[in-house]
Amino acid sequence: MRGRSGAEGDPGHPRDQGQLHIPPSRTRFSGPRREQHLEVTPAGGRGALPDVAFAVALAALPDMTPARLRAVLDGRPARELYAQLLGGDRVLAERLSALWGRASTASDDPTLETEQSREPEGGSVLRGAHERTHAHALEVLRLWRRQAALTDVAQGWEQLRARGVSVVRRGDPQYPVRLLRARQVPELIYYRGRLDHACGPCVGIVGTRRATHYGLEIAAEIGRGLAERGVVVVSGLARGIDAAAHWGALAAPATSAGPLAVVGGGVDVVYPRENLRLSDEVLLSGGIISEAPLGAPPESWRFPLRNRIIAALSQVLVLVESSRQGGAMHTVLAADAYGVPVVAVPGSVRSPQSEGTNAIIQEGGAGVALDVHDVLAALALASEHDGTSWPSSSSRASGEKHRSAGRSPQARSGDPHGRAARSAYDERRLTAGAPEAPGAREPRLSGSRCTATELVVLAATDYTATLVDVICLRTKLDLGTVALAIDRLAELGLVRSEGPAWVRK
Amino acid sequence: MIAAIPSATLLGVQGRRILVEVHVSNGLPGFTIVGLPDAACREARDRVRAALLSSGLAWPMRRVTVNLAPSGVRKAGAGLDLPIAVGLLVASGDIEPAAVAGCGFIGELGLDGTIRSVSGVLPIVASLDTESVVVPWRGVHEARLVGGPTVRTARSLGELVEVLRGRAPWPEIVDGPRSPLSVIGRAPDMADVRGQVVGRRAIEVAAAGGHHLLMSGPPGAGKTMLAERVPGILPSLDRAAMIETCRIHSSAGLPLPERTLAGEPPFRAPHHSSTAVSLLGGGTSYLRPGEISLATNGVLFLDELAEFPAAVLDALRQPLEEGVVRISRARATLSLPASFLLVGAMNPCPCGPGGEPSSCQCSQAQLDRYARRLSGPLLDRFDLHIAVERLGTRDLFGAGDGEPSAVVAARVATARELARSRGVPCNAAIPHYRLDDLAPLEPKAEALLRRRVSQSSLSARGLDRVRRVARTVADLQQIEGPVPAEAAATALELRAGRRALLGGRWAA
């Protein structure tokens, strides 16, 4: 896994061509020996360290948040800033208190609210508030200065590299360009595995952690379908839909695109632990990235920030299952703010896990994705929009099935002329006869195939084992009617028997 | 002088006529009983002598020979004491032969002359063809049920002799307390069963079609509750069936069940420690009917079915198939009636499951072993196999009271009538070759069952059983034509318990 770390200078690694960029890692091997690193003088041996090493050291300071890091760095070289910090420069305190002043004004990016709530009260409203925030900033800076004096930047950098972790800073050539559209652009991106594919076609798949069978199956199907066609599946490596989407992408043939996992804590922290194997698998073909410094625990305030990265990286965001207040809805709002088209997979109107998805479809906030083809259509439109070339010739070769011509893809894309939609439609029509990959399309929920009674029975069936008695009592239907309906639902693959009882899939 | 007194003994559940011949002649005083008496019968000599003397009657100091005809058949029991004593009195001239002409006698004698009751008064009296019969005081009700000979009784030998000598009238027979069902209280009512949609339907279908029912579920789920309510929804016994059931009880020496006398089918629930003999019938001296015969025309409820010894359960297979149990012993072979509705109940797994549903901690191996305790052939006898679960509070309180037994019983009676009109006693007895004729399927129902067979979730034998049950389900809705798809689906759902057991897996 470490071998895949892009910045280690893997010769086979596709790198931005034509850029004479020297990756930070090169300096690690050609750089100064260890005893030189131990020098404490600001100017001396540190010259060999990449600038980003100082940014990493800054990010690792206590009480440092991504927003504070952005504020203090202010786009300048980190080395210079580090020296300023050690020298007790007052300008940093100004930048911090300026950040806190801004924090009091509402942002339209809800993913940032949790981070802002961690900052002290802003200054413009209350008299004397500015003085208070300035004093607080000085206090924070004193803490940082003490910590920075004890920190060995070179050692930290080496530890990071030893763990197979690489870092890119905003402005670096490998920095994923789509991240720049985020409201608060992440200053640093830590990653394990590869990052280069984050610039290719990317689709985010997000949803609830407490997913149903249905949601998990759909997420996996879409994940696999996308990966097969060379699209990077971006998700959060969480329980439920995230994990299913990743596993689906990993189930695609070896030549497919590897998934990209955006985690809330440090890239070396696997959370939840049950996804340990999944994260290993992801690293084999894809990458894990994070904004959080190494070893950062998965604190709750970090997850909305993580969600904005997923939204920014994705060209299309797929919402599979989510409650109304689910974390995935934050991702959707962020995607909306960044102009990322959202498609949602509808679900049962009785399933609490589909409340959010159904609501957002109803409100017109998202297109309807019934399977991977809908996602691909949306992606084709989005790609044409932002100029990246997709589908590539290779993904064109994989046969896609022409479906309902009556649906209008451009309605969801915001493409006023429908030009892209037409071309996507034409493409699908041209390849209509191509044989479909086996198992590519699973039977799925289709309201029109069920009678009203069957839907009522389905709704009364839990996602855990439900006895027919209970279904009868809930629906107030006769046993014969329920038995017939449940038999049909089983035939459609919507329920399955578990012992004497029935379970909704 | 010679006297011949008609009487009878019991073999299985049938009376067998015996002619008690008493010969008194001159010669060395003595008393001999011939004609294959068993030990109890041979001891009659001493009881009769003591009873005569205690009653103030003379013991003839002559040679007395008693022959029990037909001589080749072994006689058992003490029921021949009274005819021997009466024959002796007639033969010795104490009683006029005319006084006992056309009268049969049954009863055991005490040493003080009391006439004691014997088991099987009902079948014994039924087998007699005399004009009247004298039975022990306690056997009067059984004897009068037969409706054949005039029933007379006396409390003691002395009293009897007084009557036969014409010095006293026959003691008046006071009709015993025959309470109507309203006083005894009927079987528990179905209205008490809340929730249990499948359970309620299963016992209704079982009662209507004579389908054997197996219920699996944790303790406290209501299996026994459901089983106890089956007799209450079965059709009331007609007189012949009631007498048959009473005859069996009488033969077993049991008091006649009051509810059965009032027409309610019997309900027998033997404990799982029962032996094969106690269940099937038999025994060494006289062949006593077993529990399965006692349950004839009613319900045999085997709780904790899996705890019964496997050999005992497998012995049930033949009676389940034929409706009779054939018992062969060295001395006799006989068929006892055994047409009953079998209701079995078992836990889903050895552990109970102890606490809440799905808290079962049994290993897969334990579950497999438990499931194998019932042999496949025995399981196949159950047309209905349901899972009964404790319902959650919410679902339980949402359910109102169930239909009362009377309403269900009316439907069951109608369904049974429909079956009889097709020429079968009940739908469970429809033979394979008549299924297409008597239980045709609607196209949708056929497609449904065909699919299950092709998914191999239904065997060929299982298909027949499902079709019979589906017929009953349709009959209960008074659908006489082809069986609709709902009925077929219901029949499948009423076998859902099999999925759990045969899969070797239990999930609550």
Side-chain angles (χ1 to χ4, degrees), chain A residues 210 212-214 216 350-352 439 442-443 446 448-505, chain B residues 194-202 204-205 216-217 348 357-358 385-392 394-400 444-445 447-449 451-452 455 457 470 473-474 476-477 484-508:
Chain A
R210 284 192 298 272
T212 66
H213 269 278
Y214 161 68
L216 296 176
R350 305 220 179 200
S351 167
E442 305 289 332
S446 161
S448 62
R449 282 154 68 200
C450 294
T451 65
T453 312
E454 282 157 14
L455 288 176
V456 167
V457 170
L458 182 66
T461 312
D462 289 333
Y463 294 92
T464 56
T466 316
L467 282 181
V468 173
D469 297 70
V470 175
I471 301 176
C472 289
L473 291 175
R474 289 180 183 168
T475 56
K476 305 246 187 296
L477 287 171
D478 169 65
L479 176 62
T481 315
V482 170
L484 193 60
I486 206 103
D487 177 78
R488 172 126 173 88
L489 291 171
E491 189 197 349
L492 292 175
L494 299 177
V495 298
R496 67 190 157 83
S497 64
E498 188 174 309
W502 293 95
V503 183
R504 193 161 165 189
K505 284 210 236 179
Chain B
R194 280 165 157 252
Q196 309 292 6
V197 179
V198 171
R200 289 180 60 100
R201 181 65 71 89
E204 181 177 337
V205 170
S216 34
S358 81
H385 185 170
I386 59 162
V388 183
E389 283 289 340
R390 278 177 289 205
L391 292 182
R394 204 172 57 120
D395 294 316
L396 200 56
F397 280 93
K444 269 185 170 177
L448 191 152
L449 293 181
R451 203 172 58 239
R452 288 292 181 102
Q455 288 166 358
S457 61
V473 173
L476 281 167
Q477 295 167 337
E486 281 89 353
T490 307
L492 283 171
E493 209 45 61
L494 290 176
R495 277 168 70 86
R498 257 176 103 79
R499 294 200 298 254
L501 202 61
L502 296 186
R505 235 189 136 84
W506 179 267

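Note on naming: letters A, B, ... go to the chains in the order of the sequence lines (proteins, then strands), and numbering restarts at 1 for each one. Just so it is clear, the values below take in all heavy atoms, side chains as well, and ignore hydrogens, waters and symmetry mates.
- Of the options A:D487, A:I486, A:L484, A:V482, a side-chain contact (heavy atoms from CB on, under 4.5 Å) to B:E493 is made by A:I486 and by none of the others.
- Smallest separation of non-hydrogen atoms from A:D469 and B:G199: OD2-N, 4.1 Å.
- Judged as a side chain to side chain donor-acceptor pair (under 3.5 Å), and not counting sequence neighbours, B:E486 has no contacts.
- For a residue to count as touching a neighbouring chain, one of its non-hydrogen atoms must lie under 4.5 Å from one of that chain's; by this rule B:A485 touches chain A with backbone and side chain alike.
- Residues A:D478 and B:R201 form a side-chain contact, since some pair of their non-hydrogen atoms from C-beta on lies under 4.5 Å apart.
- Counting heavy atoms from C-beta on, the side chains of A:L479 and B:V198 come closer than 4.5 Å.
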